[in-house]
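What follows is a single structure, written as structure tokens, with notes after it.
The basis for the numbers below is simple: all heavy atoms, side chains too, and nothing from hydrogens, waters or symmetry mates.
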Amino acid sequence: MNNSAVNVISYLIFVILALATLRDVISKFFSIPMDTKWSWIFYSKHEKEFISNFLCEIGLKQHEFRSAVKKQQASSLTNGKPEIKLVELISKYLMKTEHTVTFGQGHRYHSSFYINTMGASHNDEDLITMSNLLIELINKKQSNIMPDFIITPKAGNSILAHHLAARNRLCCILTKNSTDHSYALFPKEDSELHFTLNFEGASRLIDEAKLCPNRVFSGAIIDCNATSGSQLVHVMNSFNRDLLELQGNKPEYKNISPVTNAYVLFRPTCESIDNAFDDDNATCDRFFDLNDEHKSLIFEFCNNNKINHLDSINEKDRNFIVDFLKKTENI
């Protein structure tokens, strides 16, 4: 073997040893989440399996260690006033229609205003804002502990649900309506197949429940907004009913809890919604409810001041938002 070949081999050995040393130093002094994209560099397969099984045995969730960080990120984005940030967002997607628009499932609502939050989900910056606002809302109710899984209607804002789940490494489940053409009916003996096919994404929840039998898995329903709340109540009842049937056939899934909490950013109407949830000992949390008078105040202010949307950095806009929130009894 000539000298040049020896030099190349020596150089490669030096590089490998240097990278291995760097890996050890980073692993020692920095906390690397195990479920991140590059975690395989810092953890071997056996290390990851051991840590996952250990966390399951003591009943901990990996994302709980990051919940405080997520809360801080959300709070910094909203400057501790999430309602103000939400009014800004609404002003950006509030439109006044020439003719009456009808919306809502179950009970239909008629208005000359429409808030296009589905459209907002296609703007990366506004999608992050909505996700942060929901995180803050959930943290406030859940004492800074995120649920293990979130559920949203397939006809709801699935973009927001997927984004929120990905950011917090949660299981995301989309529910089909029983009238959906892809809804599948199975005999009771096939309750697991029925559950995983009609609640898309639930197979991951099933796998995690089997892997961690000593851990209790909790969930929540989310969407960008709700009118009568009937769709969210239907999703909640369907999930809990089919989960109960699954647990009757497969007791190993009894560590999955029924869902009793729903979270939306706002409601585009002020008509009563809570009775629909109270009947099932459930709740629907949101920042505020808006009627047409509220929407008109936002629209007219932006129109009179010739601005596309509110910006709380401007003192005049911020003063308006604060006064507006007093009218909705949120400050």
Side-chain angles (χ1 to χ4, degrees), residues 34-35 48-67 138-139 141-154 156 161-162 164-166 168-178 180 183-223 231-263 276-285:
M34 216 173 39
D35 46 2
K48 293 184 80 168
E49 288 179 354
F50 170 78
I51 294 171
S52 291
N53 291 335
F54 175 75
L55 288 174
C56 287
E57 285 299 317
I58 62 176
L60 290 178
K61 300 169 272 189
Q62 290 180 39
H63 64 266
E64 284 181 6
F65 295 107
R66 291 186 294 275
S67 62
I138 295 170
N139 278 332
K141 176 72 179 284
Q142 302 275 61
S143 300
N144 302 331
I145 299 297
M146 293 294 288
D148 301 285
F149 61 94
I150 57 173
I151 309 171
T152 199
K154 203 168 182 181
H162 278 300
L164 179 63
N168 294 274
R169 297 176 179 85
L170 311 177
C171 174
C172 182
I173 299 173
L174 299 183
T175 63
K176 299 176 184 176
N177 194 295
S178 57
D180 194 298
Y183 189 87
L185 289 172
F186 294 90
K188 287 188 176 182
E189 294 76 17
D190 291 327
S191 57
E192 184 172 338
L193 193 57
H194 174 89
F195 190 77
T196 54
L197 288 181
N198 293 316
F199 297 98
E200 296 176 1
S203 54
R204 173 183 163 184
L205 176 61
I206 292 293
D207 291 341
E208 291 184 359
K210 276 194 279 192
L211 180 65
C212 304
N214 296 325
R215 179 176 138 198
V216 177
F217 291 80
S218 63
I221 295 171
I222 71 153
D223 209 345
Q231 181 173 224
L232 301 183
V233 171
H234 174 75
V235 166
M236 189 178 290
N237 290 340
S238 297
F239 180 85
N240 291 342
R241 181 195 63 233
D242 289 358
L243 175 64
L244 186 63
E245 187 171 304
L246 172 65
Q247 292 171 335
N249 293 330
K250 304 266 188 175
E252 60 267 34
Y253 298 135
K254 285 192 178 290
N255 55 337
I256 302 175
S257 299
V259 175
T260 57
N261 297 317
Y263 299 93
F277 288 88
D278 288 342
D279 291 343
D280 298 286
N281 295 316
T283 59
C284 180
D285 289 280

Looking at every heavy atom in both Leu170 and Pro147, which two are closest together, and how far apart are they? CD2-O, 3.0 Å

Sorted by chain and number, sequence neighbours left out, ring-ring contact (aromatic ring centres under 6.0 Å, His included) with Phe239 holds for Phe149, Phe195, Phe199

[X]: partners by side chain to side chain contact (heavy atoms under 4.5 Å, CB included), with sequence neighbours left out:
| X | result |
| --- | --- |
| Ala209 | Phe217, Tyr253, Asn255, Ile256 |
| Lys254 | Gln247, Pro251 |
| Asn261 | Lys141, Gln142, Tyr263, Thr283 |

Tell me if a side-chain donor or acceptor on Lys176 pairs with a main-chain N or O of Glu200 at a distance below 3.5 Å.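 Side chain of Lys176 to backbone of Glu200: no pair is present.
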
Side chain of Thr152, backbone of Ile222: donor and acceptor closer than 3.5 Å? yes

Heavy-atom distance under 4.5 Å between the side chains of Ser191 and Asp242, does that happen here? no

With heavy-atom distances below 4.5 Å as the criterion, would you say the side chains of Ile150 and Asn168 are in contact? no

Check against side-chain contact (heavy atoms from CB on, under 4.5 Å), Cys171 and Ile173: CA-CA 7 Å; Cys171 174; Ile173 299 173; 3.9 Å; yes

For side-chain contact (heavy atoms from CB on, under 4.5 Å), just list the numbers for Thr175 and His234, CA-CA rounded to whole Å, side-chain angles, deciding distance to a tenth of an Å, and then say yes or no. CA-CA 10 Å; Thr175 63; His234 174 75; over 6 Å; no

Going by salt bridge (Lys or Arg N to Asp or Glu O under 4.0 Å), name the residues that satisfy it together with Arg204, two or more places apart in sequence or in a different chain. Glu208

Are Arg215 and Asp148 close enough, and set up right, to give a side-chain contact (heavy atoms from CB on, under 4.5 Å), and what steps lead you there? CA-CA 10 Å; Arg215 179 176 138 198; Asp148 301 285; 2.9 Å; yes

I'd like to know if Lys210 and Glu252 make a salt bridge, using a cut-off of under 4.0 Å between side-chain N and carboxylate O.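 Result for this pair is no, no salt bridge flagged.
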
